[in-house]
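Okay, so here's the structure we're looking at.
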Amino acid sequence: MNAETRIRNDLGAYWMPFTANRQFKDNPRMIASAEGMYYTTTDGRRVMDGTAGLWCVNAGHRAPRITEAVQRQVEELDYAPAFQMGHPKAFELASRLADLAPGKLNHVFFTNSGSESVETALKIALAYHKARGEAGRTRLIGRDKGYHGVNFGGISVGGMVNNRRAFGTLLGGVDHLPHTHDIARNGFTRGQPAHGAELADDLERMVALHGAETIAAVIVEPMAGSAGVILPPKGYLQKLREITRRHGILLIFDEVITAYGRLGRAFGADYYGVEPDMITTAKGLTNGVIPMGAVLASEAIHDAFMTGPDHMIELFHGYTYSGNPMACAAALATLDTYREEALFERAASLEDYWAEALFSLKDKPGVIDIRAVGLVGAVELEPFADQPTKRAFDTYLRAWDKGVHLRTTGDTIAMSPPLIIEKSEIDQLVGTLGAALDA
Ligand code: PXG
């Protein structure tokens, strides 16, 4: 082995994110290329992408319009300063998103990831109340099992203990609603769970405890993806909307996973028929090609900042790469692809077939619940005694060996294929998971 080869094959330097580094490096799974629904590994195997990357490649890999748009953009304008300066595609993209967004969510703040979108929305919420003379509204309310990225605001309102416990005291003034995961009452429900709308009433308890005039915002995922695909019970999101509105509290939907067609509509807000005050997005915005996030904010929130002298910066927040030209080009081409290939409609039309296929796994060994919505699915397994997460991860590895890539979280297998998936590929994906569960 010459020096060059040794360096190229050394896996030690890369400290991998959210990965069991030592286990991975003993037995690496490496992707060389991808197209449409499939990856090709460095050892030449074809593996179906059952998760759209990390819930982001909604239009499938290397969608031609996006590839071409990025190629064109890098030849034309690679970067432009984001502060006190603009370029046309950022304005065009913001207008397109405002048109796509529900109701009065007409203003767009660009970020580079879901985590940054969350921090941005939380900061806008605090600054909005201050701008309106209610600076006492500083409390933020999240939810148990919530995932809002990995930055300090996001892990503070988030509710996944492993993401929190190593990192100190986090933000103060944060409280958490109870989660809505309840297999005992809602196990194996097709569609929205029947039980649990009353869990939103806990917000009334917090209002009574802290005083509404101290609460800035509530942030929830309309459908909680990372914690294992937890669906909102019937009436739950409506109730949260009603209580927050009545008490002047902002409602933020974290739609980093659910936005851009994952549920068969542009946004989870459309799917569930509830309009929040802000929506955080990322992932499917650019099909994963270039990092980008966007926060959609209501007219009222935006307008509250547009006061004071004209020459003053209204919001002291932003990123070097907010509205980056390369990312804007990718996002515009992604939105074109979604529209021209009717991918949201396609996801909606596959929803029943997808759920039917997943529910066929009901009697497989170890299965204790199945959940499905849009093109998202989850199969929850009875954990092995004293070895939490192992059963799901073993199943994942078996499916990988059989040519299908899935995700695990705890002892739940999560699936979120690209929206271009064919019925025969749904059969293959679910069939492979079934065989992995049998093994
Ligand atoms: N909010 C939500 C609701 C998310 O799902 C983030 C924020 C953070 O996004 P960034 O771009 O900063 O990672 C997410 C991310 C999984 C998985 O397998 C989920 C996410 C990321 C990676 C893996 O469940 N969600």
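All values derive from a computational prediction rather than experimental measurement. Just follow the structure's listing: the first ligand is 1, and inside any ligand the first atom is 1.
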Non-hydrogen atoms closer than 4.0 Å to ligand 1: which protein residues do they belong to? List them by chain and number, please.
L54, W55, S113, G114, S115, Y147, H148, G149, E221, S226, D254, V256, I257, K283, R407

For K89, enumerate each residue passing the side-chain hydrogen bond (donor to acceptor under 3.5 Å, both in side chains) test, keeping only those at least two apart in sequence or located in another chain.
Q73

Tell me, please, which residues at least two apart from K390 pass salt bridge (charged side-chain N to carboxylate O under 4.0 Å, His left out).
D394

Around atom CZ of R29, are there more than 12 heavy atoms of other residues, nucleotides or ligands at under 6.0 Å?
yes

Looking only at the side chains, is there a donor atom on one of H210 and D175 sitting less than 3.5 Å from an acceptor on the other?
yes

Who pairs with E198 by side-chain hydrogen bond (donor to acceptor under 3.5 Å, both in side chains), at least two apart in sequence or on another chain?
R185

T214-R139 side chain donor-acceptor pair, cut-off 3.5 Å
yes

